[in-house]
Each structure stands twice: as C-alpha cells, then as structure tokens.
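Basis for what follows: all heavy atoms, side chains included, without hydrogens, waters or symmetry-related copies. The structure presented is a predicted model; accordingly, all values stated were derived computationally and were not measured.
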Amino acid sequence: MSDKTSLNNIRNIGIMAHIDAGKTTTTERILYYTGKTHRIGEVDDGAATMDWMAQEKERGITITSAATTTFWKDAVINIIDTPGHVDFTVEVERSLRVLDGAIAIFCAVGGVEPQSETVWHQADKYNVPRIAYVNKMDRVGADFMGTVEQLREKLGANAIPIQIPAGEGDLFTGIIDLITMTFRVYKKETLGREFDDIDIPDDMAEEAKKAREFLLEAVSDYDDRLLEKFLADEPIATDEIRAAIRKACLDVSIIPVLLGSSFRNIGVQFLQDAIVDFLPSPLDKPPIKGHIPRSSKEAIRKTDVNEPMCALAFKIISDPHVGRLTYFRIYSGTVKVGTYVYNANSDIKERVARILRMHSNKREDVKVAQAGDIVAAVGFRKTSTGHTLSDLKHPIQLELMRFPEPVISVAIEPKSLVDQEKLTESLGKLTEEDPTFRVYTNEETGQTIISGMGELHLDILTDRLLREFQVKANIGAPWVAYKETVTKSETGEGKFIRQSGGKGQYGHVVLGIEPLAEGIGFKFENKLSDGTIPREYIPIIEQGVKESLNSGVISGNPMIGIKVSLLDGSYHEIDSTELAYKIAASIAFQHAAEKAAPVLLEPVMDVEVIVPEDYAGNVMNDLNGRRSRIAGLMPRKKAQVVNATVPLSEMFGYATRLRNLSQGRAVFTMQFSSYQPVPEEVTKRMRIGVKN
C-alpha cells in the first residue's frame, strides 16, 4: 500500500454499541461474507472469532477490543470490535482515538440505551464519522422509525434512513434500499450469502417513495447538481446519491441509517457496502497535529507514506506466545522490521523486532507497515498506551489519552512467597494493558490493593490472574474508592527545622488551598515574588503537596478537586534542602486542609432499570432504600424505564436483588456519573475507621 490510490481504499473502522446490541454477531457476519472466515462463529455458542478470551466465551460478552483485517470491493477494512459493557469503556475510548470511522449498532427493540449514549459522545469527542445500523429487526417489538427518532432526540443526530424495512418483528421479510429503489430478499439456505433484488411490493411503494424524497432532500445540500435535479424532478443517478451521502457523512452532518438482523443473516452486505461507500479513508481525515518534544512548536504529519513516520500506540497486550505486543496506528510514513523508532513520551529509541497484522488473537508477520495501517509490534520495552512513535530524525509528540479514575477496589494477597513474585509480575502486565486498572500498597496494612471501573471489571481481571497468569491468591470483598476534597479557601504554614551540630535542615512555606470549580484534578500555582524561595525548590514543594494528596485528612483517601497556591515562605542559605521543603509543604497542606471544611466524596452512578410494569413499584421502593435520586420514569411497551443516580456503595449485589424483585424479567445498566459528598452519618463512620 504505497500510493494514494491504495490509501484511498483503506477503511479503519470500529464497531460500537450498548451491550447485547449485536456488535460481535455483526462482525462475525462481516468476516464470513468477506471471506475472512469460512464459518459463522456465534456468541451464544462461545465460538465468536473476535471474542477469543476464555472469559468472553463463557460470559458471551466482549471484554477487550479485538482487531482484524478483511477485504470488500477492493477495499482493505481494518475492524476493531469494541466492548459494550460500561466497565470497559476505556477500550472504546482508545479505539476511537485511532479510528477513522465507526458503525454504531442499535437494538431495534431497546433503541438508544445508556451505553449507546456513552459511546456516541465518545465518538463526538473525536469527531468520528459514523453510520448507524438498527439490528434485530426480526425481534418482537422491533421499531425502526422509533429507534431513528431516539437517535435524533437522545443523541442529537441528524439520522437519515437510507433503507426502510419490509415488515418488523415476525413480519420482517427484507430491506427496501432507498438509493436503488429495490427490495432485497435473502436466501436462508445460503446463510444470507445469496439474495435477490426485486421490485418493491405495491403495498410499500408509496412509503418507499416518501422515504426516498426525505433522503434526497436531506443530502441535496451537499451537491448543487443533485439539488437542481431534485427540484426539477429529474432522474438522479445512484452514484450521485452515494457521493452526496458520503460527503455529508464525512462532514458528520448526517448519520446514514441502515437496518437488518445480523443473527438471521439479513442486511450485512448492505452494511459492508456502506463502510466502503460512506466511511472515510485515511486520506479523508485532516493531517494529524502534535508538537515537537520538549517544545511548544506545532508539528503536522500528512497521511502520506513519504512523510516522516508518525504513529500512536493505543493498546498493550501480554501475549503468551510472542510476549509484549504493542498495537499502533500509523498516521504517516513507513515502519520496517529491524529499524528503530523514537518514543517521545519515554525519550528512548525502540527497536521494531516484528510487525504483526492481527486477526483477533491470531497473527501474520509482515516486513513493512505504512500510513493508514493498524498493526502490532513486538520488541517495544517502554511504550505505553497513548505514547507517540516517530521517525528518529523528525520527532513528534501527539496529545496524550486521558482515562477515568477507578471507582472500586479489592485487596489481593498471594497464598505463598512463590506466588508473591508471580503476582507482582502479573499485576505489572495487567496495568500495562489497562490504563484504568491501578495497583498500590496500603501503607498501614501492607495489603496490595487493586482498583477498577466496576465489579465486572475487577472480576474479569482477578479471574485472569488466577487462570491466565496462574497466580494463587485470595481476593477480598470489593469496596468503594472514596475521595476527599475541601469546600472553602484556607491557608496553612509548614516549617521543618532541624539542627544537629553540622549542616541542618530548613524548609518554610505558606500555602493557600481552595476548591476547584470542576471538582476534580489538581492545580498548583506559584505566587511568590522572585527570591523569596530559590526557583529550584518550587517543583520540590509542588511534589510534597502532590504526595500529601494521596492521604486525605478525614479517612486517608486521596484528595481531588483542589487548587494549591504557594503564597509565602523563607530560605536559609546554608540549611535549606529539598527534603526540608518537601516536608514543610506536606505540613502546610495538612494544616490548611484540616481547616478548609473537608468532605468525603463517593462515586455516584447513573442507573437505568427496564422493568415490566407489574414490578415497577417494587423496583422503585428498593431504589429509594439505596439513597437514590429518581431522575425520571418513562413508559416503553409494557415496561417502565427508571432513571436514577445511586451511590456505588449501595449497588453491590443489586443484580441478584433485581432478579428476585422482578422474577428475572428486569435488566439494569450502570455507569459512573460523578463524585458527590457523602452524608454526615457515613462520614462519621469513616472517621472512626469503620469500613462501609
């Protein structure tokens, strides 16, 4: 792939959706119809190609984003199938960062669900062009236009159907294509590989005509000639319509909406055509922008194999066969086996030992990878998620990825000294793979604590430790990752003075602290006049404050949402040392924080429960007993959708409780919303060391 023609034929796409909308099932069909696989792997049978982890096969869900490459209509399609469960949104986030386009899949019955909104807004963040695919049109309760309306209302998307269904639910028989105005009927005996395009049935002709006029009106703004023909009621060629849709889609001005039933093998070839016809190639994306390392000077790389090499590492995997694998997207230039690349973040050279083109957990060696490619490398030692790789002579650094803080923790203890070393090594590999997984040691108890994004997240990680890494360990019960903050402005003074005959220790600082408006993060500002404290000690003072943030004044939990200003201090020409200033800063911060009305914060979750009407009252009463705030109640086809915010500490064991309350007929989703102050009675328990 060395010229613009071939670059124009590359599609780097992601498949994203709410859990159980049919992402992996759709991907399996794409692989089958494009000839990448010769049989269809089913999620329910634990045989899906893209769900290769043991935990994925057992649970029937996608946990880690899997990459593969296939071909359709002279195009090379690099696909990343991302997880739908909220605990694994980091996989979606880092995938969207390196992809050019996306398919958003929606269930025709469930419509736009909470995780659908989350991944949609992630795609908005990176301005990713996308097409929507309304799946499961054969299900009872399927509502195509209802789902389209939800796309418009809930997501603010300019959703424009380019197809309409012939029937819904049990009556779903095929798809009417509004571009060609034909009716496609699939042949069951060939698993949908073969189909017939026939005339639209008379009883649907008028509906199809109106839907086509709506489509043409929506896209005519993107082609003056098409607009003229539309207004003059002249015939419009299908290529003209496709070109206008593509232009609007690349501009993220419209979202073309397709439909089908992937499990019943209906509609997937249309989706494959839409990937090639409407989603961007690397050449359709603007040049990538970064800066020259250790400089504020902007650097730009065009999508061209003749430009200096620039790539972004977006995923690390510990592969049992080849060792540490680094997935990266190449934006410009070429990478060859045996050469060196520069890691701007670690300021080191990395040798490219092998380059692999991945198909789920299988791999194919290649000698060269070029602009537009998504590949994996063996041999990188200090490259982490979000690091930039570039040409040695033309370094560039791209914007870092940012990931959410974990909200739930468990203690883990090795069963023997032999397992201690294995546990440390395995935890190191898992933290390399997953930026939302954290490990630390409790100073008071000596316990190893692991933290993640939810119960399922930690459950999967601990399961991998026990089975994949063969670590024998005891896992404690999960608990909430509380935080602390301050609610008013205060000052604190810290002095550390020691005399011991010879050279002493002298550090003296005055700090001001105040809450940050955004409620998260940390900011440090030096307000000293020059000469009060030598400049070289200022970073040391900031470091002392940062270390103090790790242990709050109420219950020892980390502190967030605080701005610290260095207001005053003094200096001793002989005795002042870095250690003294760091200790003085810690003392000053502690004194200020204790006076600044500190509060304990807890993670609060957005919870959505879909429950049959008969059980809605029971569910509402139960939620009210969990310190919840009911945000809304909406009817949905013999069911009620309850939206609430609930403290995470109140949600442990909720899945079992909900099954009992609804005889197994209710479902719920939960995702992190924000940190909120803990009620006073809970804070009192935390102060005296009682765990919640």
With no hydrogens and no angle check, is any side-chain donor or acceptor of E608 less than 3.5 Å from a backbone partner on F668? no
Distance-only side-chain donor-acceptor flag, Y440 / N550, under 3.5 Å: no
Test applied, side chain to side chain contact (heavy atoms under 4.5 Å, CB included); reference residue, I15; option that passes from I80, I105, T24: I105
Checking R329 side chain against V98 main chain: does a donor-acceptor pair fall under 3.5 Å? yes
No-hydrogen, no-angle side-chain donor-acceptor test under 3.5 Å, S548 and S586: yes
Using only heavy-atom distances, determine whether the side chains of N343 and T383 contain a donor-acceptor pair under 3.5 Å. yes
Check this for me: Y126, atom OH, are more than 12 non-hydrogen atoms of other residues, nucleotides or ligands nearer than 6.0 Å? yes
What do the steps show when you test D606 against T645 for side chain to side chain donor-acceptor pair (under 3.5 Å), and what is the final call? CA-CA 5 Å; D606 284 330; T645 55; 5.6 Å; no
With the side chain counted from C-beta on, respond yes when T656 and Y654 share a heavy-atom pair under 4.5 Å apart, and no when they do not. no
CG/L392 to OH/Y342 distance, rounded to the nearest 0.5 angstrom? 9.5 Å
Would you find more than 12 non-hydrogen atoms of other residues, nucleotides or ligands less than 6.0 Å from I540 atom CD1? yes
Which value, rounded to the nearest 0.5 Å, describes the distance between N12 atom CG and I374 atom CD1? 4.0 Å
Under the salt bridge (charged side-chain N to carboxylate O under 4.0 Å, His left out) criterion, do E542 and K546 qualify, and how do the steps go? CA-CA 6 Å; E542 182 178 357; K546 283 182 177 178; 3.7 Å; yes
Pairwise distance CZ(F469) to NZ(K422) - rounded to 0.5 angstrom: 11.5 Å
Verify the ring-centre separation between F328 and Y331: is it less than 6.0 angstrom? no
Within a reach of under 6.0 Å around CD of E594, are more than 12 heavy atoms found that belong to other residues, nucleotides or ligands? yes
State, without any angle test, whether S674 and Q676 hold a side-chain donor-acceptor pair at a distance under 3.5 Å. yes
Taking it one step at a time, do T441 and T448 satisfy side chain to side chain donor-acceptor pair (under 3.5 Å)? CA-CA 5 Å; T441 301; T448 299; 4.7 Å; no
OG/S390 to CD1/I396 distance, rounded to the nearest 0.5 angstrom? 7.0 Å
Mark yes or no for whether H387, through its side chain, and S384, through its backbone, hold a donor-acceptor pair below 3.5 Å. yes
Between E433 and K429, is there a salt bridge with N-O shorter than 4.0 Å? no
Under the 3.5 angstrom rule, does the side chain of R626 hit a backbone N or O of M651 as a donor-acceptor pair? no
Can you measure from CG (L511) to CD (Q590) and round to the nearest 0.5 angstrom? 12.0 Å
Report yes if some heavy atom in the side chain of I562 is under 4.5 Å from a heavy atom in the side chain of L516; otherwise report no. no
Cationic N near anionic O, under 4.0 Å, E432 to K382: no
Carefully, step by step, assess E602 and R627 under the rule salt bridge (charged side-chain N to carboxylate O under 4.0 Å, His left out). CA-CA 12 Å; E602 64 181 343; R627 294 197 282 128; 2.8 Å; yes
Between T388 and Q397, do the side chains contain an N or O donor and an N or O acceptor separated by less than 3.5 Å? no
Does the side chain of I412 come within less than 4.5 Å of L465's, by heavy atoms? yes
Quick one: does R498's side chain have a donor or acceptor within less than 3.5 Å of a partner on Q505's backbone? no
Using side-chain heavy atoms (C-beta onward) and a distance below 4.5 Å, is K483 in contact with N557? no
Would you say the side-chain atoms of E484 pair up with the backbone N or O of S555, donor to acceptor, closer than 3.5 Å? yes
For the CD1 atom of I288 and the CD1 atom of I330, what is their distance to the nearest 0.5 Å? 13.5 Å
